[in-house]
Participant: 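Quick one: this structure, given as structure tokens, is what I'll be asking you about.
The structure presented is a predicted model; accordingly, all values stated were derived computationally and were not measured.
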Amino acid sequence: MPKMLPFRSLEEAAASLGRPLTPAETLWFRYSATMPDFHIYAHSFFLLICVISLCPLPLVLMEAMGVSVLRRFKIQPNVRVPFARVVQCYRDVVAVLLLVVAPLQLTSYPLLKWSGIRTGLPLPSLWEAGAELVVYLLVEDYGNYWIHRWMHHWPWAYDKIHRVHHEFTAPVGFSATYAHWAEVLVLGLPTIAGPVIVPCHVLTLCAWIALRQMEAIESDKNGYILNSMCILIGIEFHDYHHFVGKSQSNFASVFTYCDYIYGTDKGYRYQKASLAKLRPLNSSAYKVVLPFFRFFCTWLFISDSELLLQINRKARSAAAGNAQVLHKSSEDLKSQ
């Protein structure tokens, strides 16, 4: 099995590069000089397990302990996933990772090696690695958008495969990877397509795998609007997709331009604008106005007034099947 680096010493490596090694390159040499390429590539799977297991954990534990201060940041405050269900979700995710993702990821080593994934020195610069990650995000987002949209458009694919992921109408961090094993395989294709098209260093590949999974966890993230790692798509954007169930809206995984260009976010944008008009003002008179506001919302949605008819009509024209979201979202607002 080939070795990672063809150099026997730091001096030989520096002579080959024609310059002194940077501290990062020295560290990388000491770690990987005698390690086979395949062993280094296998690090990417263990990194994936760590990211999936650790990133959602703080919010999962705080919600299990009933930390009340977090409730006001939750998009669906009345929905609380039982802790036993969260644990079961994590167990199912790990099972798919071990039985499906691990064999696929490890057997794809020859393909990545053939495509030009390099493992030696020099290490890529931050600019080079950053540019490659941007390309991977764009490739993954575009491919994921169409595969995800196809799974909703074809009834068989949704009922037999994608429905599993939508068991969580209020997503939790672990549910980002909770899916049918076939969906995990299919949606993994756009993720690996970027590095195959634009080869990179194995460290950049590991960074890409970690970044993509962290972004997926961020978009679920127990349904909390909290700023941390790398929110690109926005938690509310993806939460809406799960909230309306078998929808035809908000399919993107990273960015939102595909949904905007192809018109699959109209229901979400109109719903968000409509609910903003219904949200009570944050003022000193809030406590006085709140009972009247609740009464007004109750009357509005029970009487099916002209305003509600207009909202529902526009929501239906914006995205099929999303009209009921206004009612459900307003119920969440009233309970806050």
Side-chain angles (χ1 to χ4, degrees), residues 1-10 12-19 21-52 94 96-144 147 177 181-216 253-254:
M1 190 173 290
K3 298 294 182 61
M4 277 289 293
L5 300 178
F7 313 120
R8 288 172 293 185
S9 65
L10 290 171
E12 185 177 341
S16 176
L17 295 178
R19 60 170 175 78
L21 272 64
T22 65
E25 289 172 335
T26 301
L27 183 64
W28 178 248
F29 179 89
R30 295 185 185 280
Y31 179 74
S32 63
T34 59
M35 191 175 296
D37 286 0
F38 179 77
H39 291 178
I40 286 295
Y41 175 65
H43 283 55
S44 61
F45 176 74
F46 295 103
L47 177 64
L48 180 64
I49 288 284
C50 290
V51 171
I52 290 175
V94 171
V96 171
L97 289 175
L98 293 177
L99 299 177
V100 179
V101 177
L104 176 66
Q105 192 163 344
L106 297 180
T107 54
S108 65
Y109 166 75
L111 172 64
L112 291 174
K113 191 70 176 176
W114 169 82
S115 68
I117 297 293
R118 61 188 188 278
T119 54
L121 297 175
L123 295 183
S125 65
L126 292 179
W127 287 107
E128 178 184 351
E132 290 167 344
L133 290 176
V134 170
V135 172
Y136 301 163
L137 285 168
L138 292 171
V139 171
E140 196 279 338
D141 183 68
Y142 193 78
N144 186 286
I147 295 175
T177 322
W181 64 267
E183 178 174 349
V184 174
L185 289 179
V186 173
L187 289 180
L189 296 177
T191 302
I192 206 67
V196 171
I197 297 172
V198 182
C200 62
H201 195 276
V202 68
L203 290 180
T204 307
L205 178 66
C206 289
W208 162 236
I209 292 174
L211 173 66
R212 177 63 193 99
Q213 192 56 47
M214 284 191 291
E215 201 285 325
S253 62
V254 181

Participant: So Leu112 and Tyr41, do their side chains get closer than 4.5 Å, heavy atoms only?
Facilitator: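 In contact.
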
Participant: Are Glu183 and Ile147 side-chain neighbours, meaning at least one heavy-atom pair lies under 4.5 Å?
Facilitator: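 No - every pair of side-chain heavy atoms lies 4.5 Å or more apart.
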
Participant: Is a donor on one side and an acceptor on the other found under 3.5 Å between the side chain of Tyr109 and the backbone of His39?
Facilitator: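 The answer is no, because no donor-acceptor pair under 3.5 Å joins these two groups.
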
Participant: Locate the shortest heavy-atom distance separating Cys200 from Tyr136; write the atom from each residue and the value.
Facilitator: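 Here Cys200 and Tyr136 meet closest at CB-OH, 3.2 Å.
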
Participant: Minimum heavy-atom separation for Pro199 and Ser115, please, with both atom names.
Facilitator: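 Closest heavy-atom pair between Pro199 and Ser115: CG-O, 2.9 Å.
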
Participant: Provide the closest heavy-atom pair for Asp141 versus Ser253 in the form atom of the first, atom of the second, distance.
Facilitator: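 Minimum heavy-atom separation between Asp141 and Ser253: OD1-N, 3.3 Å.
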
Participant: Roughly how far, to the nearest 0.5 Å, is the CG atom of Leu10 from the CZ atom of Arg30?
Facilitator: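 Reported to 0.5 Å precision, the distance equals 5.0 Å.
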
Participant: Considering only distance and modelled atom types, tabulate donor-acceptor pairs under 3.5 Å from the side chains of residues 204-214, sequence neighbours left out.
Facilitator:
| unit_1 | atom_1 | unit_2 | atom_2 | d |
| --- | --- | --- | --- | --- |
| Trp208 | NE1 | Thr191 | O | 2.8 |
| Arg212 | NE | Glu140 | OE1 | 3.2 |
| Arg212 | NE | Glu140 | OE2 | 3.1 |
| Arg212 | NH1 | Glu215 | OE1 | 3.3 |
| Arg212 | NH2 | Glu140 | OE2 | 3.4 |
| Gln213 | NE2 | Thr177 | OG1 | 2.8 |

Participant: Rounded to the nearest 0.5 Å, how far apart are OG of Ser32 and CG of Leu121?
Facilitator: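 Answer for the OG-CG pair, Ser32 versus Leu121, is 7.0 Å.
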
Participant: Can you list everything that forms a side chain to side chain donor-acceptor pair (under 3.5 Å) with Thr26? Sequence neighbours excluded, please.
Facilitator: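 For Thr26, no residue satisfies side chain to side chain donor-acceptor pair (under 3.5 Å) once neighbours in sequence are set aside.
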
Participant: Find out whether Tyr142 and Pro190 are in side-chain contact, i.e. whether some heavy atom of one side chain is under 4.5 Å from a heavy atom of the other.
Facilitator: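 No, every pair of side-chain atoms sits at 4.5 Å or beyond.
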
Participant: Spell out, as yes or no, whether a donor-acceptor pair under 3.5 Å connects the side chain of Ser108 to the backbone of Gln105.
Facilitator: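 Between the backbone of Gln105 and the side chain of Ser108 there is a qualifying donor-acceptor contact (under 3.5 Å).
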
Participant: Nearest 0.5 Å, what's the CD1-CZ distance between Ile40 and Phe38?
Facilitator: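 With rounding to 0.5 Å, CD1 (Ile40) is 12.0 Å from CZ (Phe38).
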
Participant: Enumerate the residue pairs fulfilling salt bridge (charged side-chain N to carboxylate O under 4.0 Å, His left out) with a member in residues 125-139, sequence neighbours excluded, ordered by first and then second residue.
Facilitator: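 Matches after skipping sequence neighbours: Arg118-Glu128.
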
Participant: If you measure from CZ on Phe29 to CG on Leu21, what distance do you get to the nearest 0.5 Å?
Facilitator: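 It comes to 8.0 Å.
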
Participant: May I ask you to test the Val202-Trp28 pair for a side-chain heavy-atom distance under 4.5 Å?
Facilitator: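 Contact flag for Val202/Trp28 side chains = yes.
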
Participant: Do His201 side-chain atoms and Ile117 backbone N/O form a donor-acceptor pair below 3.5 Å?
Facilitator: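 Such a contact is absent between His201 side chain and Ile117 backbone.
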
Participant: How far does CD1 of Ile52 sit from CG of Leu47, to the nearest 0.5 angstrom?
Facilitator: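 The distance works out to 9.5 Å.
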
Participant: Examine distances only and state if a side-chain atom of Glu25 and a backbone atom of Leu123 form a donor-acceptor pair shorter than 3.5 Å.
Facilitator: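 Indeed, once roles are kept as given, a pair shorter than 3.5 Å links the two residues.
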
